Amino acid sequence: MMSKMENIAVIGAGMMGHGIAQSFIMGGYAVMLHDLHESILETAEAHIKNSLELFRRADLIAVEEIEKAMQRLTLTTDLKQAAQPANFIVEAIPEDLSLKQDVFCQIENHCDQNTIIASNTSSLKITDIGMRVKNKKRLVITHWFNPAQLVPTVEVVKGEQTSDEIIDITYNLLSKIEKAPVKIFKELPGFLVNRIQIALAREVLDLYEKGVASAADIDQAIRGSIGFRLASIGPLLTMDLGGLNIWFRVFENLLPDIQSSTAPPRALQKLVGEGHDGIKSGKGFFDYSMDFSKGELEDTIKQRDQEFLQRLKQLYRKTTS
Ligand SMILES: NC(=O)c1ccc[n+]([C@@H]2O[C@H](COP(=O)([O-])OP(=O)(O)OC[C@H]3O[C@@H](n4cnc5c(N)ncnc54)[C@H](O)[C@@H]3O)[C@@H](O)[C@H]2O)c1
């Protein structure tokens, strides 16, 4: 069906869109990045340039490749200009069903009938987003993780009418740009990864609420144990290595005591109710005017991104030298 895959369009150049566009230009594809205003596109372009420089410092891209990659990027406020030549389109506009439905219809009016249209939605169904699209077989979810240019996994989610061929083409395309796609065959809310993340967060917040340990120590405990391990091997292999009989016993002993509420955790309700949103408001589980000295938070985030890049290097053993 799809003879060649050359031109990519990314619709929405916000937090996710610019990272998705960067991944494709680094992978050798021409990308049209579309948003409503020039100023947003210019900010996105600056973010991409900064990030490419970090990739260069980590020896994950050669200096001459940066310029070539940037030449593959075109910014446009014209949806038609972005969609018309595209073989593959990723929508990354806000998480609003009716907005996404409208934009999908507009995209379909501008692009080829065989163009694959993917949504980066975190919580909606592609079957709902594409309700008014005529050719529904070519609709798919590609769920990237923030920062999209760094985190390898992309969930490729099949909608009710998505064809297997579209799933395979999407999977192969993402593999070619060195992401680590996974195929998800059922449109469950939260797909796969976010369901697990929420299950973990529910228990974390319950322990925090009960005062079992401080916020800093909870983070430290998880980073240095299951987080440390999960960066190298997955939960199922971990269980096999530990011995399933032991896991079975631990399940029997612990499950009755593990949090299973279906309401948002009380600790979160309280903080959000008091207007504490995390770094955006200056306070969350940590107080950013007291617990972090000047510049320490920025340094922590820089350090995180450098560690992500080092891990990417280990994963792909990729080097420019
Ligand atoms: N932020 C995350 O961590 C994350 C992770 C995975 C998936 N997602 C999903 O990705 C999507 C985008 O999220 P984000 O965090 O990048 O949002 P964002 O608000 O940072 O970016 C959205 C961009 O879309 C633009 N936009 C709005 N309406 C548009 C239109 N009609 N046409 C073109 N552009 C339009 C906005 O100007 C903005 O730049 C959402 O569906 C979100 O649920 C987000």
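Here the structure is a predicted model, which is why all the values come from computation and not from measurement. Whatever order the structure lists them in is the order used to number ligands and atoms, beginning at 1.
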Atom 22 (C) of ligand 1 - nearest protein heavy atom and its distance: Ala92 O, 3.6 Å
Proximal atoms of ligand 1 relative to His34 (non-hydrogen, under 4.0 Å): 32 (N), 33 (C)
Phe145-ligand 1 polar pair, N/O distance under 3.5 Å: no
Residue and atom name of the nearest protein heavy atom (relative to atom 16 (O) of ligand 1), distance in Å to one decimal: Met16 N, 2.8 Å
Any donor-acceptor pair under 3.5 Å from Glu187 side chain to Leu124 backbone: no
Salt bridge Asp206-Lys210, side-chain N to carboxylate O under 4.0 Å: yes
Parallel, tilted or perpendicular: rings of Tyr288 and Phe292 (30°, 60°): parallel
Carboxylate-amine/guanidinium contact Glu307 Arg304, below 4.0 Å: no
Criterion salt bridge (charged side-chain N to carboxylate O under 4.0 Å, His left out) on Lys100 and Glu91, from CA distance to verdict: CA-CA 8 Å; Lys100 285 193 195 280; Glu91 165 276 307; 2.5 Å; yes
The one among Ala148, Pro94, Pro147, Ser123 that brings a heavy atom closest to atom 24 (O) of ligand 1: Pro94
Within-4.5 Å side-chain heavy-atom neighbours: Arg138 and Thr115: yes
Residue Ile40 vicinity, atoms of ligand 1 by number, heavy atom under 4.0 Å: 37 (O), 39 (O)
Residues Lys283, Asp277: salt bridge by 4.0 Å N-O rule: no
Identity and separation of the nearest protein heavy atom to atom 11 (C) of ligand 1: Ile93 O, 3.3 Å
Protein contact of atom 30 (C) of ligand 1 - nearest heavy atom, named by residue and atom, plus distance: Leu36 CD2, 3.6 Å
Ligand 1 contact by His37, heavy-atom criterion under 4.0 angstrom: no
Per-atom contacts of ligand 1 with Thr121, taking only distances under 4.0 Å to non-hydrogen atoms: 41 (O)
Option set Asp35, Leu41, Leu33, criterion heavy-atom distance to atom 25 (C) of ligand 1, minimum: Asp35
Identity of the nearest option to atom 43 (O) of ligand 1, non-hydrogen atoms only, from Ser39, Ser122, Gly19: Ser122
Nearest-neighbour protein heavy atom for atom 15 (O) of ligand 1, which is reported as residue plus atom name and distance: Met15 CB, 3.7 Å
Residue pair Val140 / Ile126, side-chain heavy-atom distance below 4.5 Å: no
Nearest non-hydrogen protein atom, atom 21 (O) of ligand 1: Gly14 CA, 3.3 Å
Heavy atom of protein closer than 4.0 angstrom to atom 39 (O) of ligand 1: yes
Electrostatic pair Glu53:Lys49 at N-O distance under 4.0 angstrom: no
Heavy atoms of other groups near Lys136 NZ, more than 12 under 6.0 Å: yes
Location of contacts on Trp144 toward ligand 1, heavy atoms closer than 4.0 Å: backbone
Test item: Tyr29 and Met5 side chains (from C-beta on) under 4.5 Å apart, heavy atoms: yes
Those atoms of ligand 1 less than 4.0 Å from some heavy atom in Lys100: 40 (C), 41 (O)
Sidechain N-carboxylate O distance under 4.0 Å for Glu64, Lys68: no
Min heavy-atom dist Glu91 to ligand 1 below 4.0 Å: no
Shortest protein heavy-atom distance from atom 10 (O) of ligand 1, along with the residue and atom involved: Asn120 ND2, 2.9 Å
Where ligand 1 meets His143 - atom numbers and elements under 4.0 angstrom, heavy-atom basis: 6 (C), 7 (C)
Closest approach of any protein heavy atom to atom 31 (N) of ligand 1, naming residue and atom: Val103 CG2, 3.6 Å
Tyr208 and Phe285 aromatic ring geometry - parallel, tilted or perpendicular at 30°/60° bounds: perpendicular
